[in-house]
Amino acid sequence: EADSEAISILNDWYFNHHGDKRQISINLPDESAGSEKYLLDCVLLRLNIPVKSDDANPILCSASLKPSGEFTWSLVAT
């Protein structure tokens with residue numbers, strides 16, 4: 001699933017490549033025409049995974065990114 005893949009990528013970046021710059025692409029709300037597209041080079045500063053051993057609900061994780069190069073905004077074309 002996409003959520004499992006995302007946390008795996010963030011964990012690897014944070015624990016095995018901490019301080020390395022990566023390029024991130026974010027489409028809001030999705031990749032359809034007219035959506036906003038953000039593209040940036042950044043460093044992962046912080047990764048928060050609030051795990052409780054007695055809670056089986058989904059875990060909302062958060063990450064703090066610091067731009068370290070180009071940061072662009074555009075609209076997804078048709």
Side-chain angles (χ1 to χ4, degrees):
E1 290 186 33
D3 52 351
S4 298
E5 182 180 5
I7 196 62
S8 177
I9 290 169
L10 288 170
N11 269 328
D12 180 62
W13 186 7
Y14 188 78
F15 290 105
N16 298 321
H17 305 281
H18 197 73
D20 289 359
K21 181 171 72 169
R22 296 213 177 158
Q23 188 174 73
I24 304 291
S25 176
I26 301 168
N27 295 312
L28 296 175
D30 53 32
E31 295 179 355
S32 63
S35 294
E36 296 180 342
K37 180 177 186 120
Y38 299 88
L39 185 65
L40 68 144
D41 294 328
C42 60
V43 175
L44 179 61
L45 295 178
R46 185 175 34 241
L47 179 60
N48 182 27
I49 306 173
V51 178
K52 294 181 182 178
S53 62
D54 62 343
D55 190 352
N57 291 317
I59 300 167
L60 180 61
C61 302
S62 63
S64 295
L65 305 172
K66 179 181 179 185
S68 61
E70 189 174 4
F71 190 167
T72 62
W73 170 83
S74 62
L75 294 176
V76 176
T78 57

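Quick note: residue numbers are just sequence positions, from 1.
- Minimum interatomic distance between Trp13 and Asp20 (heavy atoms only, all atoms of both residues): NE1-O, 3.0 Å.
- In this structure the side chain of Asn11 reaches within 4.5 angstrom of the side chain of Ile49, judged on heavy atoms.
- Note on Ile26: it clusters hydrophobically with Ile7, by side-chain heavy-atom contacts below 4.5 Å among ILVMFWY residues.
- Atom-to-atom distance recorded for Glu36:CD and Leu75:CG is 6.5 Å, nearest 0.5 angstrom.
- Under the 4.5 Å side-chain heavy-atom criterion for Ile, Leu, Val, Met, Phe, Trp and Tyr, Trp73 and Val76 are members of distinct hydrophobic clusters.
- For Leu60, the CG atom counts as loosely surrounded, since its 6.0 Å shell holds 12 or fewer non-hydrogen atoms of other residues, nucleotides or ligands.
- Distance check, rounded to the nearest 0.5 Å: CG of Asn27 to CG of Leu39 gives 9.5 Å.
- Taken to the nearest 0.5 Å, the CZ atom of Phe71 stands 11.0 Å off from the CD1 atom of Ile24.
- Around CD of Glu31, the count of heavy atoms belonging to other residues, nucleotides or ligands within 6.0 Å does not exceed 12.
- The nearest pair of heavy atoms linking Ile59 to Val51 is CD1-CG2, 4.0 Å.
- Between Cys61 and Pro50, the closest heavy-atom pair is CA-CD, 4.5 Å.
- Residues Tyr14 and Val43 are members of separate hydrophobic clusters, defined by side-chain heavy-atom contacts under 4.5 angstrom among Ile, Leu, Val, Met, Phe, Trp and Tyr.
- The hydrophobic clustering, which links ILVMFWY residues whose side-chain heavy atoms are closer than 4.5 Å, places Leu40 and Leu45 apart.
- Atoms CZ and CG, on Arg22 and Asp41 in that order, are 12.5 Å from each other to the nearest 0.5 Å.
- Rounding to the nearest 0.5 Å gives a distance of 14.0 Å between CG of Leu65 and NZ of Lys21.
- To the nearest 0.5 Å, atom OG of residue Ser64 and atom CG of residue Leu47 are 9.0 Å apart.
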